[in-house]
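Shown next, in structure tokens, is the structure this report addresses.
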Number of protein chains: 2
Amino acid sequence: MTTQEERDLPYDVFSRACPSRGTLEHVTGRWGALTLGALYEGRFRFNELRRRVDGVSEKMLSQTLHALERDGLVHREAQPTNPPRVDYELTPLGREVAGRLIALIEYLEGSMDQVLAARERYDGRVA
Amino acid sequence: MTTQEERDLPYDVFSRACPSRGTLEHVTGRWGALTLGALYEGRFRFNELRRRVDGVSEKMLSQTLHALERDGLVHREAQPTNPPRVDYELTPLGREVAGRLIALIEYLEGSMDQVLAARERYDGRVA
DNA sequence: CGGCATCCTCAGTGATACTG
DNA sequence: CAGTATCACTGAGGATGCCG
């Protein structure tokens, strides 16, 4: 078995100081994951995204998009028209990352029956 | 292209009310992701885990493990000895989930050069 | 429409102490 | 060793208002 110590990668997310941990949090964070998931479907304007990611506030979506853009996962394209039009889409890198995230999300969605059953068992034992 | 509306799954994480969103947050949350990642390597005792997940507090690790156990992703095995000995390991379901998470993490770790470069470009444009 | 600035709150988090 | 309990604090995040 490969232990963590043996991995010895340049960017080890298990280390507190590694920048990869920050990026992982942008990607997997509450709104990051959902935003990437939504963008995996295509290219969207700000308010379209906002509607797709149910519950996200304007501020958090804006903040999330900035973080992802800075990390090179999302491309922002603004047209200086009036009214302004801004489109967001994944970069090739973002697409790779989002793809893996989607695999996780879809597996989880498909396993919710198991999860819910486990919860009932757990709560039954504790209660 | 498959739009979100067309998916129409029983558990849609994009919906605010869906329980899958809660589980996704347990899995991808700050400590959840790292804990699952660590447990993917094998079976560990509480304090062993604590050392592997750099920076996690006792309280947060405990809380994280409880949430993952409740969701049926982690199995907890306590021996009523003295001193007490408790081992944690992934369930089969947890192993599937963690595997997909690992794929994401490792891709991200391997792409950090790109990410860091993107950040410099971004910061350069803004500054 | 697509934001940014501000204020405010409370839930997530860490530190500390204690227990079986 | 493997936690639980308590407290204090920070910052994530929501609400509101304004602007190009």
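No experiment lies behind these values; they were computed from the predicted model shown.
- Between B/Arg45 atom CZ and D/dG3 atom P there is a gap of 10 Å when expressed in whole angstrom units.
- Computed from coordinates, the B/Glu58 CD to C/dC18 P distance equals 14 Å when rounded to whole Å.
- Cation-pi geometry between A/Arg43 and A/Tyr88 is not met: the NZ or CZ atom fails to fall both under 6.0 Å from the ring centre and inside 45° of the normal.
- Across the protein-nucleic acid pair, A/Lys59 atom NZ and D/dG14 atom P stand 8 Å apart, rounded to whole Å.
- B/Arg50 comes within contact range of no nucleotide atom at all, as no heavy-atom separation falls under 4.0 Å.
- D/dC1 atom P lies 14 Å from atom CG of B/Leu49, rounded to whole Å.
- Of the residues near DNA chain D, A/Gly55 and B/Asn47, the one whose nearest nucleotide (by heavy atom distance) lies more toward the 5' end is B/Asn47.
- No donor-acceptor contact under 3.5 angstrom links the side chains of A/Thr35 and A/Arg30, judged on distance only.
- Look at A/His66 and you won't find any side-chain N or O under 4.0 angstrom from OP1 or OP2 of C/dG3.
- Between the CG atom of B/Asp87 and the P atom of D/dA2 there is a distance of 8 Å, given to the nearest Å.
- The nucleotide whose nearest atom lies closest to any side-chain atom of B/Met60 is, among D/dG3, C/dT13, C/dC4, C/dT13.
- Annotation: of the two residues near DNA chain D, A/Ser57 and A/Pro83, the 5′-most nearest-nucleotide partner is A/Ser57.
- Under 4.0 angstrom from either OP1 or OP2 of C/dG3 there lies at least one side-chain N or O belonging to A/Tyr88.
- Distance CG (B/Asn82) to P (D/dC1): 13 Å, rounded to an integer number of Å.
- Atom CD of B/Glu48 is separated from atom P of D/dC1 by 10 Å (rounded to the nearest Å).
- Nearest heavy-atom pair, A/Thr91 versus A/Gly72, reported as atom, atom and distance to 0.1 Å: OG1-O, 2.7 Å.
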Practice task
Could you go through the salt bridge (Lys or Arg N to Asp or Glu O under 4.0 Å) check for A/Arg100 and A/Glu96 one step at a time?
Solution key: CA-CA 7 Å; A/Arg100 286 162 173 82; A/Glu96 292 295 321; 3.1 Å; yes
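- More than 12 non-hydrogen atoms from other residues, nucleotides or ligands lie less than 6.0 angstrom from CD of A/Glu48.
- At C/dG2, none of the side-chain N or O atoms of A/Arg85 fall inside 4.0 Å of OP1 or OP2 (strictly under the cut-off).
- Side-chain nitrogen and oxygen atoms of B/Arg30 include none within less than 4.0 Å of the OP1 or OP2 phosphate oxygen of C/dG12.
- Both A/Pro84 and A/Gln63 lie near DNA chain C, and the one whose nearest nucleotide falls closer to the 5' end is A/Pro84.
- Applying the 4.0 Å criterion to OP1 and OP2 of D/dC1, one finds that B/Arg51 has every side-chain N and O outside that range.
- Taking atom CZ on A/Phe44 and atom P on C/dC1, their separation rounds to 17 Å, with Å as the unit.
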